[in-house]
Amino acid sequence: MTVRTAPPRTARHERHPSSVGLGLRSAHIGEILARRPDIDWLEVHPENYMHHAAALASLTAVRAHYPLSLHGVALSLGSAGPIDKDHLLRLKSLVDRLDPFLVSEHLAWTATEGAHLNDLLPLPYTEETLGIVSAHIHQTQEALGRTILVENPARYLRFRHATMDEPEFLAEMVQRTGCGLLCDVSNIHVSAGNIDIDPIAYLDALPAASVGEIHLAGHTVRRVGDRTILIDDHASRVPDDVWALFADGAKRLGAPPTLIEWDADLPPLDVLLEEASKARDVLAGADGWCDAEAF
Amino acid sequence: MPKLSEVQSAVCSFIRGGPPDALAELIEHDGLAPAARLAIYRNNALITLEAALMASFPIACALTGPRFFSYAANSFIRDNLPAEPCLSEYGATFPEFLASFPACAGLPYLGDVAKLEWAIGRVIRAERGRPIPLATLAGLAGDPAERPLAVDPATRFLRSAYPVDVIWQQHRPGSVPETITIDTGAVHLQVRGADGLFIARLPEASWILRAAIADGARLGQAAGAALAVDPAFDLPGALAALFAEGLIVGLRETP
């Protein structure tokens with residue numbers, strides 16, 4: 001008989017307070033290696049390095065100079081069907097090779113019945129879903145031998161048969177699996193705009209001590225029918241209202257490592273560094289606030 | 001209450017182009033029709049997959065024009081959703097789709113250009129093998145003709161009735177297009193990657209020898225196939241060249 005034990009939670013001291021990272025895209029790898037900009041860490045999608053030996057060699061060179069975070073997009077923790085074991089093995093192999101300080105995935109599903117849709121699709125927040133997601137997180141954490149962070153999605157709809165709201169679901173998922181949370185502040189803002197939730201109440205309901213990382217990104221505002229819809233496209237600067245929500249969130253969540261994500265219409269590296277510098281200033285303020293609270 | 005598997009199956013059908021009806025009943029209105037909310041996910045998914053095909057087949061896209069490519073890509077996507085989690089691996093069968101897509105009949109070389117692009121994408125991502133010397137063959141206990149050989153994984157072989165290497169080269173960004181004569185006869189290409197990209201035209205017999213070895217044929221079978229098209233084929237010279245070029249990276253077990 002095997003005894004299943006949850007891996008230990010990410011301890012508070014393992015965090016890198018007030019540290020800011022950049023989402024690293026292949027177009028910037030050469031410049032990062034040549035310039036070695038002042039950035040605390042870098043985050044990549046592991047899928048981009050699973051079948052590309054030359055890209056992995058470049059990333060290994062980057063890893064010699066910066067801590068790395070692996071942010072998966074294709075494990076499909078929320079699939080009703082099984083986790084793709086080959087994909088999990090490939091992820092394990094990258095984790096072993098690159099020794100990332102964070103590994104994260106999404107509260108979403110991307111695959112069903114053998115079709116990999118490559119989009120972070122929405123989950124109904126029910127007991128059944130909670131059981132499935134928790135089992136897949138357990139399986140992942142056991143395979144990797146470490147805890148992972150799980151990110152709240154950008155949402156465009158709510159299911160009628162949901163029995164929990166998202167923060168409740170996340171809190172219960174953390175409780176059952178020992179995983180941490182990746183709080184995407186931009187996704188909270190986008191979801192709040194699209195399905196009428198209160199972003200501050202959402203932040204207050206999160207289990208703050210479990211948040212190991214924050215994400216920030218730009219979005220696009222569209223008119224769909226009679227309604228404004230925010231599309232989470234990671235293709236522009238972080239807008240002012242998201243910076244404001246981040247300042248609130250950073251105070252509530254203890255200024256965890258924060259990432260600037262920018263995946264499409266990639267700007268010059270200096271634009272990303274400006275955004276990172278802004279995030280660092282907000283975190284430094286929030287950190288001071290946390291210290292003052294502590295004493 | 002619907003089961004999660006049922007919800008996911010319905011979302012997948014919708015993304016493939018099915019009607020939203022039953023699925024929409026599961027979605028809150030929240031000020032926007034559920035079908036419009038679902039369509040945001042479908043658009044995001046289709047845009048991502050189309051962009052992946054465009055990234056893997058930029059020259060096919062240049063040949064057809066982006067609007068037609070988008071039409072062809074979306075026709076392909078709905079019936080050929082990715083079977084693997086990594087987006088870079090999506091599109092292996094897209095060249096065959098283009099070759100048989102009736103709307104592409106005016107570009108008879110399009111499928112083969114796409115095959116070349118797929119081959120290029122594979123070899124530049126592959127990990128290059130470590131070559132073994134010709135002397136390894138001489139040192140084998142059994143008959144070397146009975147052994148299959150392992151070819152450098154950063155290598156692909158393809159042939160076409162059209163000069164797809166020239167078509168590919170002339171449609172790369174920055175190239176100055178010139179008139180290309182497409183009925184110049186079949187080309188036999190070897191595509192190698194890692195440390196750069198090398199596309200070479202080979203004589204037919206050399207190509208047959210190498211492509212057959214890469215396919216897993218025993219050395220003797222591959223040599224026989226090459227000699228069948230060119231009885232004067234210099235087999236010892238061709239074998240020496242195979243090893244000298246670092247194409248052979250190991251021995252496979254006899255099947």
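Proteins come first, then strands; the chains are lettered A, B, ... in the order of their sequence lines, and each starts at number 1. All values below come from the heavy atoms of this structure, side chains included, with hydrogens, waters and symmetry mates left out.
- For the set A/S76, A/S79, A/A55, the entry with the most heavy-atom pairs within less than 4.5 Å of chain B is A/S79.
- Inter-residue side-chain proximity for A/R222 and B/I40 is flagged as unmet; no heavy-atom pair is nearer than 4.5 Å.
- Within the 4.5 Å cutoff, side-chain heavy atoms of B/P85 are placed close to those of A/R90.
- Between A/N118 and B/Y90 the shortest side-chain heavy-atom distance does not fall below 4.5 Å.
- At distances below 3.5 Å, not a single donor-acceptor pair connects side-chain atoms of B/R37 with backbone N or O atoms of A/I195.
- Within a 6.0 Å sphere centred on CZ of B/F68, heavy atoms belonging to other residues, nucleotides or ligands number more than 12.
- At a threshold of 4.5 Å between non-hydrogen side-chain atoms, the residues A/T112 and B/V11 do not count as touching.
- Between B/Q8 and A/L123, some side-chain heavy-atom pair lies under the 4.5 Å cut-off.
- Listed here is the closest heavy atom pair of B/E25 and A/R160: O-NH1, 3.1 Å.
- Side-chain atoms of A/E128 come within 3.5 Å of backbone atoms of B/L4 as a donor-acceptor pair (strictly under, hydrogens ignored).
- Considering only heavy atoms from C-beta on, A/E47 stays 4.5 Å or farther from B/S88 through its side chain.
- Put simply, the side chain of B/Y41 does not reach to within 4.5 Å of the side chain of A/L117, judged on heavy atoms.
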